[in-house]
Participant: 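Sharing a structure below in structure tokens format, with a few things to ask.
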Amino acid sequence: MNIVDVIDKDLIKVPLTSTDKMGIITELVDFLSEAKHYSEQQRSTVLSAVLKREGLGSTGIGKGICIPHAKTASIKEIRLVIGISRTPVDFASPDGEKSRIFFLVLAPETEASAHVELLASIARTCSSSLFRRLLEQAQDKEEVYRLFLD
Amino acid sequence: MGVPFKQIVVYIDGSEGSLSAVMYAVLLAKQNDAKLTAVYVINTRALSELVRAGVFVDVERDEYQNDLQSDADRYLRHAQKLAQQKQVNIETVKLEGTVHVMMTSLLKEINADLLVLGGVADIRSRREELASETDRMMRTSPCPVLVVRDDEEIWEAFESQGA
């Protein structure tokens, strides 16, 4: 499984409006919950799972990219939410660089293989500095979507 | 390498396409009276990539490695069950490493004469095409490759054919 297998235009948000780490994570989870009609309990479980993972160490991987992720029994299929922020946000990344590109990845507990492959696909895709620059400059969700399908 | 096929290998990764491929391979093995081997490769390369990229912390890598082991066992058990339903002998193999490299090595080792694959998707992104493990397997296989496409028809055929 890779990004193009799961990318969903309705799960791309440009721009994100929050200005700190907690705000960005909450905004991504809320955006997903609204788009997919999650119950309040589902939303809360997903948010807790993402924050619990974040507690092990920042999912900011450097070069302006963050990949908050979690596995949770409260969802039935893998979800990928992509958000681009106009303002760089401090995500405690190892290189100290603030981030503008965010991928929220959620997977059911029984889909480890697909989850790992999707995360690896994101990391691989974002290793290109040109691609990161194009993503940061994307004006809307259509443009982000097109970039991944190019 | 033999025709008709005597040593069929099917790759399973848990995707719906790969489950269809197992069904197809079971039917094919029965018709050809061939040996059937189902293989799951735990993608430790992807795990290493994630640790190197800083996406996974060490404790998380260990947890996911265990999850992948459970996935492998579950899907290989499923393949066994499907084969039993049609009274086909099946060998299951669990490997770890880079998927297409491990598969190429196994296909050579057991002198397979057909690799059955599912889940080869339409090309939606040139970038991802180059990174897809099933695409790589298709290109690097030392034996002929059969790509299974129509999931629903195969499920129906599997259900309708007696043991």
Side-chain angles (χ1 to χ4, degrees), chain A residues 1-7 49 52-63 65-71 77-78 91-95 97 99 103-105 107-128 130-131 134 145-150, chain B residues 11-19 40-76 78 94 96 98-100 119-136:
Chain A
M1 171 169 288
N2 51 47
I3 298 176
V4 293
D5 294 323
V6 290
I7 192 166
K52 187 179 170 196
R53 162 59 190 90
E54 206 62 35
L56 296 174
S58 176
T59 54
I61 64 169
K63 298 189 167 68
I65 308 285
C66 296
I67 314 178
H69 59 271
K71 52 182 176 175
E77 53 189 304
I78 289 196
F91 228 77
S93 295
D95 62 359
E97 195 179 316
S99 304
F103 298 89
L104 173 69
V105 177
E109 287 183 331
T110 52
E111 288 199 34
S113 181
H115 191 180
V116 165
E117 284 171 16
L118 175 59
L119 288 169
S121 166
I122 294 169
R124 202 166 43 235
T125 303
C126 291
S127 62
S128 156
L130 173 64
F131 188 75
L134 291 170
Y145 187 75
R146 271 201 308 274
L147 281 171
F148 281 100
L149 265 66
D150 187 16
Chain B
Y11 170 71
I12 183 167
D13 62 6
S15 65
E16 198 170 320
S18 76
L19 298 180
Y40 187 107
V41 183
I42 295 172
N43 193 344
T44 50
R45 175 172 169 254
L47 280 177
S48 303
E49 272 179 19
L50 290 172
V51 173
R52 209 167 34 245
V55 180
F56 274 179
V57 291
D58 288 345
V59 61
E60 202 177 14
R61 177 198 51 207
D62 297 343
E63 191 184 328
Y64 275 82
Q65 183 133 18
N66 289 335
D67 288 349
L68 291 175
Q69 292 279 356
S70 305
D71 262 13
D73 293 338
R74 188 170 65 250
Y75 291 121
L76 290 173
H78 182 70
K94 183 167 67 173
E96 292 186 14
T98 302
V99 178
H100 71 280
V120 178
D122 292 341
I123 298 170
R124 295 178 64 195
S125 154
R126 279 170 295 162
R127 194 184 311 109
E128 290 294 344
E129 183 201 1
L130 298 173
S132 160
E133 285 294 348
T134 38
D135 276 57
R136 282 183 178 182

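So you know, we letter chains A, B, ... as the sequences are listed, proteins then strands, and number each from 1.
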Participant: I'd like to know if A:Lys71 and B:Glu63 make a salt bridge, using a cut-off of under 4.0 Å between side-chain N and carboxylate O.
Facilitator: yes
Participant: Examine whether an atom of A:Thr110 lies under 4.5 Å from a heavy atom of chain B, and if so say whether it belongs to the side chain, the backbone or both; otherwise answer neither.
Facilitator: both
Participant: Could you check whether the rings of A:His115 and B:Tyr64 sit parallel, tilted or perpendicular, using 30° and 60° as the cut-offs?
Facilitator: perpendicular
Participant: Let me confirm one number: the CZ-CD1 distance from B:Phe56 to A:Ile67, rounded to the nearest 0.5 Å.
Facilitator: 10.0 Å
Participant: For residues B:Val55 and A:His69, report the shortest heavy-atom separation together with the two atoms involved.
Facilitator: O-CE1, 3.2 Å
Participant: Roughly how far apart are B:Glu49 CD and A:Arg124 CZ, rounded to 0.5 Å?
Facilitator: 5.5 Å
Participant: Counting heavy-atom pairs under 4.5 Å with chain B, which one of A:Gly57, A:Ser58, A:Ser113 comes out on top?
Facilitator: A:Ser113
Participant: What part of A:Ala123 gets closer than 4.5 Å to chain B, counting heavy atoms only: side chain, backbone, both or neither?
Facilitator: side chain
Participant: I need the minimum non-hydrogen distance between B:Ala46 and A:Val116, along with the two atoms involved.
Facilitator: CB-CG1, 3.6 Å
Participant: Measuring heavy-atom distances to chain A, does B:Arg74 have an atom under 4.5 Å in its side chain, in its backbone, in both, or in neither?
Facilitator: side chain
Participant: Taking side chain as C-beta onward, heavy atoms only, is B:Asp67 less than 4.5 Å from A:Glu109?
Facilitator: no
Participant: List the atom of B:Leu68, the atom of A:Ala112, and the distance in Å for their closest heavy-atom pair.
Facilitator: CD2-C, 3.6 Å
Participant: Select one option (side chain, backbone, both, neither) describing which atoms of B:Leu47 are under 4.5 Å from chain A's heavy atoms.
Facilitator: both
